[in-house]
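Input: a single structure, listed below in structure tokens.
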Amino acid sequence: MPELPEVETVVRSLEQHLAGLEITAVDLHMPKVIRHPRPEIFTEEIVGKQFLKKLGRRGKYILLNLTDGLTLVVHLRMTGRLVYCVAETPLEKHTHVVFHLNNGQHLRFTDIRQFGRMSLLPTNQVSEMSGIKDLGPEPLDTSFTREFLKKEFRRRRTRVKPLLLDQSFIAGLGNIYADEALFRAKVHPERLAAELSPREVAALHKSIVEVIAGGIKHRGTTFRDYVDGEGRSGSFQHHLKVYNREGLPCSNCGKSIERIKVGGRSSYYCPYCQKK
DNA sequence: CCCGGCGCCTGAGGGC
DNA sequence: TGCCCTCAGGCGCCGG
């Protein structure tokens with residue numbers, strides 16, 4: 001389930017391969033993944049364009065910048081993969097889009113669950129795209145300050161876990177990194193955001209930044225589906241303290257990690273270290 | 001504003 | 001070398 005660190009890793013790994021390459025043809029095996037424009041127009045417009053040196057990311061959205069002022073926006077959702085590979089690589093099952101490149105290689109989009117989507121639009125319209133327009137600050141941006149978190153938490157009437165998953169509040173956190181950040185800050189996922197102490201908010205701010213930076217440093221978390229732009233797994237799963245660790249001992253106190261539903265999502269936490 | 005629930009999908013894993 | 005059911009969770013959408 002690609003979250004900010006996974007998406008950032010994909011972008012960085014693709015950047016070094018795609019710069020300057022031209023898209024010569026597109027095989028569209030699953031037209032519904034193209035959200036905009038209509039599939040036929042999509043192919044027509046993207047063929048002949050080259051990837052720029054600098055690709056981008058906003059929240060969990062991959063921004064593949066192209067010549068002629070266009071950007072290919074890709075969201076991997078749950079099981080999507082965007083991988084650069086030699087053309088001879090056997091077509092993996094669930095390969096929905098193949099971009100042929102002028103060096104004979106491929107950029108392939110595969111997605112078991114078919115939730116992932118892509119759009120082609122003018123670069124200057126990306127920030128206004130639905131899904132991107134309302135994103136909150138990037139956790140690693142200078143705009144994501146302790147004061148921002150304090151101010152926003154104070155006026156929200158919701159529990160802290162769903163708030164961390166709300167992309168219009170902070171961009172890029174998903175279930176894994178939200179649970180890890182809460183554990184490291186010793187905050188119970190069901191606590192009301194407005195009721196956190198200044199000390200807790202400060203700790204949570206710090207732990208969000210640390211856990212996201214740690215995820216990027218270890219090239220993402222791979223449980224099953226996630227790989228980077230070269231098909232390589234990440235290793236942050238070895239550094240997780242609570243996520244997917246139900247019944248295992250807490251690294252801090254030794255008590256058993258528990259799983260509850262908060263806002264309809266699994267939340268892993270330590271009932272001793274993260275008191276309600 | 002805020003919440004819960006559904007739909008989209010496939011495959012893994014548990015119970016029997 | 002089964003079968004059925006639940007669940008995994010990102011996001012858009014809908015209704016209360």
Side-chain angles (χ1 to χ4, degrees), chain A residues 1-10 29-36 57-63 73-82 91-97 109-119 126 128-136 138-139 151-182 189-195 211-212 215 220-227 233-234 236-237 240 242-248 257-269:
Chain A
M1 40 225 96
E3 306 178 26
L4 191 160
E6 289 74 33
V7 175
E8 179 65 24
T9 304
V10 169
H29 302 289
M30 179 79 72
K32 75 169 181 184
V33 309
I34 311 299
R35 228 183 143 170
H36 179 86
R57 178 193 58 74
R58 179 72 175 98
K60 301 173 193 170
Y61 289 84
I62 296 167
L63 310 176
V73 181
V74 182
H75 198 302
L76 302 173
R77 294 286 185 100
M78 301 292 301
T79 55
R81 293 177 167 187
L82 201 54
L91 261 206
E92 201 186 324
K93 203 177 166 187
H94 307 296
T95 300
H96 305 320
V97 186
F109 174 73
T110 66
D111 187 0
I112 293 174
R113 296 178 66 181
Q114 305 172 21
F115 288 170
R117 292 292 182 264
M118 58 181 78
S119 295
V126 168
E128 290 306 307
M129 195 186 97
S130 81
I132 291 185
K133 179 170 38 123
D134 298 321
L135 289 175
E138 290 285 330
K151 196 165 145 244
E152 285 296 314
F153 272 17
R154 212 181 303 140
R155 69 182 193 87
R156 303 281 185 144
R157 301 261 182 283
T158 184
R159 290 169 296 176
V160 65
K161 171 74 186 283
L163 194 49
L164 295 185
L165 294 177
D166 180 349
Q167 301 300 296
S168 68
F169 177 62
I170 316 177
L173 286 182
N175 215 27
I176 298 172
Y177 293 93
D179 279 358
E180 292 299 313
L182 288 168
E190 289 181 308
R191 292 278 302 284
L192 291 178
E195 294 178 359
V211 94
I212 290 293
T221 301
T222 298
F223 280 117
R224 167 158 284 108
D225 301 296
Y226 166 72
V227 292
S233 295
F236 197 63
Q237 62 277 14
L240 299 178
V242 286
Y243 186 82
N244 206 33
R245 293 181 51 81
E246 184 180 17
L248 295 173
I257 301 300
E258 288 186 9
R259 174 162 71 150
I260 55 171
K261 289 275 184 193
V262 184
R265 309 287 187 72
S266 283
S267 288
Y268 297 89
Y269 74 108

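In what follows, chains carry the letters A, B, and so on, assigned in the order in which the sequence lines appear, proteins first and then strands, with residues in each chain numbered from 1. Note that these values count all heavy atoms, side chains included, but never hydrogens, waters or copies made by symmetry.
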Select one nucleotide: of [options], the one nearest the side-chain heavy atoms of [X].
| X | options | result |
| --- | --- | --- |
| A/His94 | B/dG13, B/dT10, C/dG10 | B/dT10 |
| A/Arg157 | B/dC2, B/dG11, C/dG10 | B/dC2 |
| A/Tyr243 | B/dG11, C/dA8, C/dC11 | C/dA8 |
| A/His75 | B/dC2, C/dG10, B/dG11 | C/dG10 |
| A/Tyr61 | C/dA8, B/dC2, C/dG12 | C/dG12 |
| A/Arg265 | B/dC2, C/dC11, B/dC9 | C/dC11 |
| A/Arg224 | B/dT10, B/dG13, B/dG4 | B/dG13 |
| A/Gln167 | B/dC2, C/dC11, B/dG13 | C/dC11 |
| A/Arg35 | C/dA8, B/dC2, C/dG12 | C/dG12 |
| A/Ile112 | B/dC2, C/dG10, B/dT10 | B/dT10 |

Would you check if the side chain of A/Arg81 reaches a backbone N or O of A/Asp225 as a donor-acceptor pair within less than 3.5 Å? yes

Runs of at least three consecutive Watson-Crick or G-U pairs, both distances under 3.5 Å, are what I'm after; which ones involve DNA chain B? B:2-8 with C:10-16, B:10-16 with C:2-8

Minimum heavy-atom separation for A/Gly234 to A/Thr222, with atom names? N-OG1, 2.8 Å

Closest non-hydrogen atom pair, A/Val73 against A/Ile132: CG1-CD1, 4.1 Å

Please determine whether a side-chain nitrogen or oxygen atom of A/Arg259 lies at a distance below 4.0 Å from atom OP1 or OP2 of C/dA8. yes

Respond yes when some side-chain nitrogen or oxygen of A/Lys261 is under 4.0 Å from OP1 or OP2 of C/dC7, and no when none is. no

I'd like a table of donor-acceptor pairs (distance under 3.5 Å, sequence neighbours excluded) in which one partner is a side-chain atom from residues 162-170 of chain A, with atom names and distances.
unit_1: A/Asp166; atom_1: OD1; unit_2: A/Ser168; atom_2: N; d: 2.9
unit_1: A/Asp166; atom_1: OD1; unit_2: A/Ser168; atom_2: OG; d: 2.7
unit_1: A/Asp166; atom_1: OD2; unit_2: A/Ser168; atom_2: OG; d: 3.4
unit_1: A/Gln167; atom_1: OE1; unit_2: A/Gly172; atom_2: N; d: 2.8
unit_1: A/Gln167; atom_1: NE2; unit_2: A/Leu165; atom_2: O; d: 3.1
unit_1: A/Gln167; atom_1: NE2; unit_2: A/Leu173; atom_2: O; d: 2.9

Pairwise P distance, C/dC4 and B/dC9 [rounded to whole Å]: 22 Å

If we take the P atom in both C/dC11 and B/dG11, what is their distance in whole Å? 22 Å

Go nucleotide by nucleotide along DNA chain B from the 5' end; which of A/Lys32 and A/Thr158 gets its closest nucleotide reached first? A/Thr158

Ring-ring centroid check A/Phe236 A/Tyr226, cutoff 6.0 Å: no

N/O donor to acceptor pairs below 3.5 angstrom from side-chain atoms of residues 258-265 of chain A, sequence neighbours left out:
unit_1: A/Arg259; atom_1: NE; unit_2: A/Glu246; atom_2: OE1; d: 3.3
unit_1: A/Arg259; atom_1: NH1; unit_2: A/Ser266; atom_2: OG; d: 3.2
unit_1: A/Arg259; atom_1: NH1; unit_2: A/Tyr268; atom_2: OH; d: 3.4

Report yes if the side chains of A/Ile62 and A/Arg57 come closer than 4.5 Å at any heavy-atom pair, otherwise no. no

A side-chain contact here means heavy atoms from C-beta on lying under 4.5 Å apart; do A/Arg58 and A/Glu138 qualify? yes

What is the distance, to the nearest angstrom, from the [atom1] atom on [X] to the [atom2] atom on [N]?
| X | N | atom1 | atom2 | answer |
| --- | --- | --- | --- | --- |
| A/Arg155 | B/dC1 | CZ | C1' | 10 Å |
| A/Asp166 | C/dG10 | CG | P | 12 Å |
| A/Leu165 | B/dC3 | CG | C1' | 14 Å |
| A/Asp225 | B/dC9 | CG | C1' | 12 Å |
| A/Asp111 | B/dC8 | CG | C1' | 11 Å |

With a non-hydrogen cut-off below 4.0 angstrom, is A/Arg117 in contact with a base, only sugar-phosphate, or nothing? nothing

Just to be sure I understand the rule, does A/Ser266 reach a base, reach only the sugar-phosphate, or reach nothing, if contact means heavy atoms closer than 4.0 Å? sugar-phosphate

